[in-house]
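For reference, the structure discussed in these notes is given below.
We count ligands from 1, going down the list as the structure has it; atoms in each ligand are counted the same way. Since the model is a prediction, treat every value here as computed from it, not as a measurement.
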Amino acid sequence: MSARPASGQGSHAPPAKGKPITLSKLSEKKALGEPIVMVTAYDYPSAQVAEEAGVDLVLVGDSGAMTVLGYPSTVPVSVDEMLMLAAAARRGLTSPMLVGDLPFGSYEVSNEQAIATAQRFVKEAGCDAVKLERGGSSVERAAAIVASGIPVMGHVGLTPQTATALGGYRSQGRTAERAMEVVEDALALQDAGCFALVFEAVPSELTAAVMPRIEIPVIGIGAGPSTDGQVLVFHDLLGIYDGHAARFVKRYGNVREEMIRGVTEFAADVRERRYPEPEHGYTMAPDEAARLNSMLAGA
Ligand code: KIV
């Protein structure tokens with residue numbers, strides 16, 4: 001286990017280990033101008049890595065549909081699949097706040113559907129909060145979930161669940177009119193009681209213009225430097241996912257290459273009979289081995 005600086009050491013030190021991140025801690029970070037770090041995780045080991053790295057928020061994103069379940073988009077993933085991923089991530093976490101992404105089709109129909117799905121994320125997977133996408137009808141759903149006692153994170157700009165309607169996986173809000181729609185969605189979600197917002201793939205100018213109007217933490221992904229925090233998808237930032245990477249992805253590792261190297265070496269060792277070596281096996285006392293051989297000879 002690596003040593004982490006004590007709380008208060010350094011201006012933007014990671015949170016003290018074991019101290020859960022609360023909603024008021026996030027507001028405090030925004031007020032103090034301390035950048036908020038969010039990363040996705042979809043299982044026990046990735047959550048443990050996020051915990052050890054000292055991030056503030058872990059999102060079990062529906063991006064897991066693509067990065068760990070192999071679907072071509074986020075649309076097909078089911079609530080049950082997301083709950084399994086979220087429950088596994090929960091088991092790897094102590095300090096970061098755990099946010100579960102409500103998948104496409106699990107909250108749009110009615111406030112009752114939205115509350116029931118959000119409750120499953122809290123009760124069955126142990127999430128602290130949920131996230132939903134878009135403004136429009138999602139604003140009322142967000143307000144209903146908040147009123148039921150579950151914190152909600154909104155998500156505006158590029159919303160992958162409805163990417164087809166947005167013209168594909170492309171940045172949003174590049175004209176003043178379309179930027180105003182994104183701004184209105186963000187302000188409506190704030191008014192609905194969301195505790196934080198994700199801004200995805202929007203021009204930096206849009207973000208900078210609206211930030212003075214937003215009182216809740218804004219976490220950006222391809223939204224420029226003026227947000228209160230940043231999020232990246234675990235498999236993108238570590239170079240595990242081999243699908244298309246958006247312009248905003250910065251690679252901090254090439255873990256997929258390292259995994260392929262390791263498995264390739266293992267396969268070669270097995271084929272060349274270099275593995276296992278004596279230290280990888282178990283032994284019998286020589287007299288027991290001799291007794292076994294004579295038993296087999298007499299069998
Ligand atoms: O699903 C996801 O990973 C997300 C992040 C990109 C914010 O929604």
Checklist line | Atom pair CG (L69) and CE (M82), whose distance is rounded to the nearest 0.5 Å | finding: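 CE of M82 is found 8.5 Å from CG of L69.
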Note to self: Could you measure the distance from the CD atom of E288 to the CG atom of N293? Nearest 0.5 Å is fine.
What the structure shows: 11.5 Å
Margin query: I need the minimum non-hydrogen distance between D101 and D62, along with the two atoms involved.
Written below: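 Closest approach of D101 to D62: OD2-N, 2.8 Å.
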Ligand 1: protein N/O within less than 3.5 Å of ligand N/O:
unit_1: ligand 1; atom_1: 1 (O); unit_2: D62; atom_2: N; d: 3.2
unit_1: ligand 1; atom_1: 1 (O); unit_2: D62; atom_2: OD1; d: 3.0
unit_1: ligand 1; atom_1: 1 (O); unit_2: S63; atom_2: N; d: 3.0
unit_1: ligand 1; atom_1: 1 (O); unit_2: S63; atom_2: OG; d: 3.3
unit_1: ligand 1; atom_1: 1 (O); unit_2: D101; atom_2: OD2; d: 3.2
unit_1: ligand 1; atom_1: 3 (O); unit_2: S63; atom_2: OG; d: 2.5
unit_1: ligand 1; atom_1: 8 (O); unit_2: K131; atom_2: NZ; d: 3.0

Notebook entry, point to check: Is the closest side-chain donor-acceptor distance between E81 and Y71 under 3.5 Å?
Noted result: yes
Next item on the list: Using only heavy-atom distances, determine whether the side chains of S63 and Y42 contain a donor-acceptor pair under 3.5 Å.
Entry: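 Yes.
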Note to self: Who clusters with F266? Use side-chain heavy atoms, under 4.5 angstrom, across I, L, V, M, F, W and Y, and order the result by chain and number.
What the structure shows: V270, Y275
